[in-house]
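Okay, so here's the structure we're looking at.
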Amino acid sequence: MRKTLLALAALLSVSSFAMAQDYKAGELQVEHPWSLLLPANSANGAAYFVLQNHGQSADRLLGADTERAASAEIHEHVSKDGMMKMQKVEAVDIPAGTTLTFAPGHYHLMLFGLKKPLADGERFPLTLHFQKAGDLKVEVEVQRQAPAAADAHADHDMPGMKMN
Ligand SMILES: [Cu+2]
């Protein structure tokens with residue numbers, strides 16, 4: 001059994017880069033949801049993706065949930081007294097024709113109370129809640145480092161370190 005799991009894990013990590021996933025809900029597109037591999041004792045994690053609105057009207061991201069964590073919140077980073085801190089955001093507007101990058105140091109979905117450690121290359125389900133487009137279920141891929149697209153925006157903050 002253990003050998004089978006290891007083989008499966010190896011297979012998943014080899015294939016993961018070739019299988020970056022896009023998801024669509026109406027005119028909204030979610031590209032390559034991912035999460036940063038963290039030390040096994042990390043209580044919290046974060047999920048990132050690129051969100052595009054190809055439509056003619058605005059939508060809003062209202063929140064998310066996943067069976068993998070006790071709760072999920074939309075967070076942003078703000079500079080406060082010279083320190084970068086994370087804070088909860090009730091919703092994120094997605095104007096028509098825009099691209100929003102959820103990445104380390106920017107908007108992210110904070111995952112509180114991970115139910116088990118994240119494993120390199122694994123995928124876990126996450127449901128995004130949009131005001132107009134409704135629910136969109138995606139698979140979040142756990143990676144050792146940010147994908148190139150997100151890395152361009154990232155300032156390499158670790159999630160879960162500083163909280164208001
Ligand atoms: Cu956060």
Side-chain angles (χ1 to χ4, degrees), residues 13 16-17 20-25 28-53 58-95 98-164:
S13 62
S16 60
F17 282 102
Q21 294 276 350
D22 288 354
Y23 301 87
K24 281 186 176 167
L28 298 181
Q29 184 176 354
V30 174
E31 285 175 29
H32 194 153
W34 68 281
S35 184
L36 193 63
L37 181 67
L38 298 172
N41 62 356
S42 301
N44 307 322
Y48 313 104
F49 44 82
V50 176
L51 181 53
Q52 289 185 279
N53 183 351
D59 205 336
R60 299 187 92 196
L61 177 63
L62 302 176
D65 57 68
T66 172
E67 63 193 30
R68 192 55 183 275
S71 66
E73 289 180 358
I74 306 169
H75 277 193
E76 65 179 349
H77 277 77
V78 291
S79 181
K80 207 171 180 179
D81 304 324
M83 298 260 292
M84 287 301 285
K85 290 187 174 180
M86 301 192 297
Q87 67 183 24
K88 185 181 176 184
V89 182
E90 290 303 327
V92 176
D93 288 321
I94 318 160
T98 58
T99 298
L100 295 176
T101 302
F102 282 58
H106 296 267
Y107 282 125
H108 55 279
L109 288 178
M110 196 77 204
L111 309 177
F112 287 110
L114 292 174
K115 293 182 180 171
K116 60 175 179 167
L118 301 174
D120 191 13
E122 80 158 311
R123 290 161 185 261
F124 61 88
L126 176 81
T127 303
L128 299 168
H129 306 297
F130 296 104
Q131 190 167 58
K132 292 180 188 164
D135 287 356
L136 177 62
K137 192 170 179 181
V138 305
E139 296 269 304
V140 179
E141 182 184 310
V142 180
Q143 300 183 182
R144 287 182 177 276
Q145 59 189 36
D151 207 39
H153 301 274
D155 56 16
H156 300 284
D157 272 10
M158 291 292 286
M161 297 295 124
K162 286 169 265 169
M163 295 292 300
N164 280 347

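Ligands are counted one by one from 1 in listed order, and the atoms in each one are counted from 1 as well. Position 1 is the first residue of the sequence, and the numbers go up from there. From a predicted model like this one, the values you see are computed outputs, not experimental measurements.
With Met86 as reference, His108 is the one residue of Glu76, Glu73, His108 to meet the side chain to side chain contact (heavy atoms under 4.5 Å, CB included) rule. Applying side chain to side chain contact (heavy atoms under 4.5 Å, CB included) to Trp34 and the options Phe49, Tyr48, Phe102 leaves one that passes, Tyr48.
Per residue His75, closest N, O or S atom to the Cu ion (ligand 1): atom name ND1.
Residue pairs meeting the salt bridge (Lys or Arg N to Asp or Glu O under 4.0 Å) criterion with at least one member in residues 58-70, sequence neighbours excluded, are Arg60-Asp93, Arg68-Glu122.
The main-chain N or O of His129 is never found under 3.5 Å from a side-chain atom of Asp135 such that the two would form a donor-acceptor pair.
For His108 atom NE2 and Met86 atom SD, the angle they make at the Cu ion (ligand 1) is roughly 90°, to 10 degrees.
Metal site remark for the Cu ion (ligand 1): Asn44 contributes no N, O or S atom at a distance under 2.8 Å.
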